[in-house]
Amino acid sequence: MTTTVPRFEELAAPSHWRTVDFVSDLHLQASEPATVAAWQHYLQTTLADALFILGDLFEVWVGDDAISEPGSFEAQGCAALLAAVQRLPVYFMHGNRDFLAGPAFLAHCGITGLADPTVLVFGAQRIVLSHGDLLCLDDVDYQRFRVQARSARWQAQFLAQPLAARRAQARGIRQESEAHKQAAAVYADVDGPAAINWLTAAQAHTLIHGHTHQPANHALAPGLQRVVLSDWDAAAQPPRAEVLRLTAAGLERVAMAPMCEQS
């Protein structure tokens, strides 16, 4: 697969930001109420100055028109985001599950879309933000699908189907995902040299991403690191619901498990 370094968008944090939170891979769905409750509790209580969602907020997104369906899960999810943006700015980057979330979704929720990748300038720090899937070069089949699914033609054809048909396909995706988890399948990991190339091109020292469901801090080279976000599953034992928090002191992993128990 191509190792071309993409063009980086840049976002400068306002000087009043003191705390920034990052999350990814919540895979919100109606069949996982504990995770939904943990997420809603977090949105209602976080004291962060900004929140960055780095993809796969939803297990699947079948089109922005789903928000208009009375009582839909998508409408409920947007309502929680809309309430949160009254208190803090929320930024959203597409993942491999919710890449069809479009302008109507962003406008309805009052959140700001982010290009993948984006460089966050926070004080003297330059941090590359990405969902992470673009860097999983060994997952050749997925990379081919990614190119196809990001094309305007593929998306237009999918979205032209009735909402019910798209929901039926989404159920199939969820079943495949559950089978993947039950089989304890190993997710493809980020290519180290490609990550180093990104950081060098962006003149940054840290890459923050999700997608792999393998939360850890990796030293890539002297002065260069990648920090992997946790996925969320509040019903797991032990629960997984973690926020990565950035302050002037650095990065800290904050477990939201106590919030799950209170929900």
Side-chain angles (χ1 to χ4, degrees), residues 9 11 13-14 17 20-33 35-46 48-118 120 129-131 133 149-171 173-174 210-211 229 231-232 241 243 263:
E9 298 290 338
L11 174 65
W17 285 8
V20 177
D21 283 354
F22 304 93
V23 299
S24 73
D25 299 281
L26 281 80
H27 294 270
L28 297 177
Q29 52 190 309
S31 60
E32 299 289 346
T35 301
V36 174
W39 170 241
Q40 292 174 341
H41 185 87
Y42 164 75
L43 288 177
Q44 293 163 5
T45 59
T46 180
D49 296 303
L51 168 63
F52 286 78
I53 303 168
L54 301 186
D56 285 1
L57 174 62
F58 296 95
E59 170 69 2
V60 68
W61 189 265
V62 295
D64 292 356
D65 56 336
I67 302 171
S68 301
E69 187 176 60
S72 70
F73 181 77
E74 292 85 355
Q76 296 170 26
C78 286
L81 289 168
L82 186 58
V85 300
Q86 310 308 311
R87 300 174 44 245
L88 77 163
V90 178
Y91 297 84
F92 172 82
M93 180 181 288
H94 290 116
N96 55 295
R97 296 301 186 91
D98 48 21
F99 62 90
L100 286 173
F105 161 74
L106 298 175
H108 186 92
C109 298
I111 60 180
T112 302
L114 283 179
D116 187 356
T118 289
L120 173 65
L129 308 178
S130 176
H131 178 57
D133 58 327
R150 295 307 194 275
S151 71
R153 179 179 179 182
W154 187 95
Q155 293 188 10
Q157 290 176 341
F158 180 83
L159 294 173
Q161 300 177 78
L163 181 57
R166 284 177 268 146
R167 288 202 184 283
Q169 293 182 49
R171 286 192 292 272
I173 292 173
R174 285 196 293 271
H211 181 62
L229 299 168
D231 63 315
W232 282 41
V243 170
S263 300

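From a predicted model like this one, the values you see are computed outputs, not experimental measurements. Atoms considered below: every heavy atom in the structure, side chains included; atoms not considered: hydrogens, waters and symmetry mates. Quick note: residue numbers are just sequence positions, from 1.
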Decide side chain to side chain contact (heavy atoms under 4.5 Å, CB included) for Ile111 and Phe105; before the verdict, give the C-alpha distance in whole Å, the side-chain angles of both, and the deciding distance to 0.1 Å.
CA-CA 8 Å; Ile111 60 180; Phe105 161 74; 3.6 Å; yes
Verdict with reasoning, Leu26 to Glu59, per side chain to side chain contact (heavy atoms under 4.5 Å, CB included)
CA-CA 8 Å; Leu26 281 80; Glu59 170 69 2; over 6 Å; no
Checking Leu229 against Val23 for the side chain to side chain contact (heavy atoms under 4.5 Å, CB included) test, could you report, in this order, the C-alpha distance in whole Å, the side-chain angles of both residues, the deciding distance, and whether it holds?
CA-CA 7 Å; Leu229 299 168; Val23 299; 5.8 Å; no
Checking His211 against Asp56 for the side-chain hydrogen bond (donor to acceptor under 3.5 Å, both in side chains) test, could you report, in this order, the C-alpha distance in whole Å, the side-chain angles of both residues, the deciding distance, and whether it holds?
CA-CA 8 Å; His211 181 62; Asp56 285 1; 4.7 Å; no
Start with the C-alpha gap between His27 and Glu32, add the side-chain angles, then the distance that decides, and say whether side chain to side chain contact (heavy atoms under 4.5 Å, CB included) holds.
CA-CA 9 Å; His27 294 270; Glu32 299 289 346; over 6 Å; no
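Side-chain atoms of Gln29 never come within 3.5 Å of backbone atoms of Phe58 as a donor-acceptor pair (strictly under, hydrogens ignored). At distances below 3.5 Å, at least one donor-acceptor pair connects side-chain atoms of Asp64 with backbone N or O atoms of Gly102. The main-chain N or O of Gly210 is never found under 3.5 Å from a side-chain atom of Asp25 such that the two would form a donor-acceptor pair. The backbone N or O of Asn96 sits nowhere less than 3.5 Å from a side-chain atom of Asp133 that would complete a donor-acceptor pair.
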Only pairs under 3.5 Å count here: list side-chain donor-acceptor contacts from residues 77-94, not counting sequence neighbours, and write none if there are none.
from	atom 1	to	atom 2	distance (Å)
Gln86	NE2	Leu82	O	2.8
Arg87	NH1	Leu43	O	2.6
Arg87	NH2	Thr46	O	2.4
His94	NE2	Ala101	O	2.5

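Rounding to the nearest 0.5 angstrom, the gap separating the OG1 atom in Thr112 from the CZ atom in Phe52 is 9.0 Å. The CZ atom of Phe73 lies 8.0 Å from the OG atom of Ser31; values are rounded to the nearest 0.5 Å. Separation of atoms CG (Asp116) and CZ (Arg150) is listed at 8.0 Å; rounding is to 0.5 Å. Considering CG of Leu159 and CD of Gln161, their distance stands at 8.5 Å, rounded to 0.5 Å.
Within the 4.5 Å cutoff, no side-chain heavy atoms of Leu114 are placed close to those of Glu9. Side-chain contact between Val243 and Trp232 is present, with at least one heavy-atom pair separated by less than 4.5 Å. Counting only heavy atoms from C-beta outward, the side chains of Val60 and Asp98 never approach each other to under 4.5 Å.
By the side chain to side chain contact (heavy atoms under 4.5 Å, CB included) test, Ala66 pairs with Val62, Glu74, Leu163, Arg167, sequence neighbours left out. Remark: Asp231 pairs with Arg240 by the salt bridge (Lys or Arg N to Asp or Glu O under 4.0 Å) rule, at least two apart or across chains.
Not less than 6.0 angstrom separates the ring centroid of Trp61 from the ring centroid of Phe99.
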